[in-house]
Amino acid sequence: GEQVEQLPSILRVQEGSSASINCSYEDSASNYFPWYKQEPGENPKLIIDIRSNMERKQIQELIVLLDKKAKRFSLHITDTQPGDSAMYFCAASETGGNNKLTFGQGTVLSVIP
Amino acid sequence: GGIITQTPKFLIGQEGQKLTLKCQQNFNHDTMYWYRQDSGKGLRLIYYSITENDLQKGDLSEGYDASREKKSSFSLTVTSAQKNEMAVFLCASSIWGGAVAEQFFGPGTRLTVL
């Protein structure tokens with residue numbers, strides 16, 4: 001089955017700087033790559049996703065990049081704020097079927113004021 | 001919009017005990033999932049169900065059973081709780097097929113085994 005590696009596991013940045021999280025996957029059939037944010041004590045929520053027909057997608061301060069050849073994708077949070085502090089998960093899936101997601105191990109992001 | 005409800009919110013069990021976790025969704029989603037989340041680790045898929053009466057094993061199915069009683073509900077059973085086990089079990093649901101695979105998560109059940 002699919003395997004997704006996520007790094008780093010812990011990330012600390014100063015408020016206003018950028019934060020980057022990197023993921024890699026193994027199955028070339030994967031074509032959908034969502035990112036979930038989980039705040040302490042809360043359930044994971046989808047914040048941005050990208051499909052394999054795109055290389056870049058931006059929603060406000062969130063940017064995702066996808067390199068299909070290298071089987072890598074990444075999340076970049078520009079101008080980080082304390083409210084961005086949370087656990088972030090990347091995932092990969094092949095859509096059109098059961099939508100089974102394989103998640104990365106998670107990154108704990110702390111934004112220091 | 002919709003909501004996913006998980007019961008109980010906290011579950012304390014004894015070693016060897018059989019424990020059942022319940023999940024209900026009103027999104028009218030076809031597919032439901034059970035994940036286990038351990039501290040410092042990602043979400044690992046235990047079981048999923050594409051539609052009512054369907055059951056598929058995930059990567060972590062050993063030690064668990066599941067049951068999709070009807071479209072809106074999906075139960076997970078820990079067949080024999082392991083001593084000192086602590087984890088959060090998350091239920092999720094999504095549409096089946098299509099181009100959008102967003103999964104919506106419930107609030108979780110926190111399991112502690114004494």
Side-chain angles (χ1 to χ4, degrees), chain A residues 1-11 21-27 29-54 57 59 86-109, chain B residues 1-6 9-10 23-25 27 29-52 54-61 68 74 87-110:
Chain A
E2 175 66 287
Q3 302 263 359
V4 176
E5 293 292 321
Q6 181 174 348
L7 290 170
S9 54
I10 298 173
L11 181 58
I21 304 171
N22 300 293
C23 291
S24 62
Y25 62 99
E26 293 186 358
D27 189 350
S30 290
N31 57 6
Y32 174 69
F33 307 93
W35 287 87
Y36 284 79
K37 177 182 179 182
Q38 185 179 29
E39 302 195 54
E42 299 289 323
N43 49 337
K45 293 182 176 62
L46 179 71
I47 53 172
I48 191 169
D49 56 17
I50 189 167
R51 281 191 256 286
S52 58
N53 60 351
M54 301 173 72
K57 182 175 179 178
I59 298 176
M87 173 84 89
Y88 290 81
F89 293 100
C90 64
S93 134
E94 183 182 357
T95 59
N98 55 40
N99 296 336
K100 180 182 161 202
L101 288 173
T102 300
F103 283 86
Q105 296 89 336
T107 297
V108 177
L109 172 65
Chain B
I3 192 167
I4 296 180
T5 305
Q6 288 188 239
K9 190 169 182 177
F10 298 96
C23 177
Q24 297 265 351
Q25 53 97 1
F27 286 100
H29 283 162
D30 300 294
T31 309
M32 296 185 73
Y33 312 80
W34 274 107
Y35 292 92
R36 176 182 167 125
Q37 184 174 23
D38 291 276
S39 178
K41 293 188 180 177
L43 282 67
R44 292 183 287 173
L45 184 64
I46 305 171
Y47 269 97
Y48 63 104
S49 167
I50 295 172
T51 189
E52 188 178 342
D54 175 73
L55 212 52
Q56 309 277 344
K57 289 184 178 181
D59 302 320
L60 203 68
S61 60
R68 184 82 182 271
F74 193 28
V88 175
F89 292 85
L90 289 166
C91 175
S93 70
S94 75
I95 60 171
W96 181 82
V100 177
E102 180 176 1
Q103 291 185 17
F104 294 85
F105 285 84
T109 292
R110 282 158 176 75

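Throughout, protein chains are lettered first and strands after them, A, B, ... in sequence-line order, and every chain is numbered starting at 1.
Around the CD1 atom of I3(B), the shell of radius 6.0 Å holds no more than 12 heavy atoms that belong to other residues, nucleotides or ligands. Within a 6.0 Å sphere centred on NZ of K57(B), other residues, nucleotides and ligands contribute 12 heavy atoms or fewer.
Among G106(B), G108(B), P107(B), the residue with the largest count of heavy-atom pairs under 4.5 Å with chain A is G106(B).
Counting all heavy atoms, side chain and backbone alike, Q103(B) lies closest to Y36(A) at N-OH, 2.9 Å.
Residues Q37(B) and F103(A) are not in side-chain contact: their nearest non-hydrogen atoms beyond the backbone lie 4.5 Å or more apart. By the 4.5 Å heavy-atom criterion applied to side chains, K100(A) and Y48(B) are counted as neighbours.
Note: L43(B) CG to Q38(A) CD = 6.5 Å, rounded to the nearest 0.5 Å. Atom CG of L46(A) is separated from atom OG of S94(B) by 11.5 Å, given to the nearest 0.5 angstrom.
For chain B, the nearby parts of P44(A) are the backbone and the side chain; heavy atoms of each come within less than 4.5 Å. Only the side chain of R110(B) comes within contact range of chain A, with heavy atoms under 4.5 Å apart. Of the two parts of Q6(A), neither the backbone nor the side chain holds a non-hydrogen atom closer than 4.5 Å to a non-hydrogen atom of chain B. Interface remark: L90(B) contributes side-chain atoms only to the contact with chain A (heavy atom separation under 4.5 Å).
In this structure, Y33(B) contributes its side chain and L101(A) its backbone to no donor-acceptor pair below 3.5 Å.
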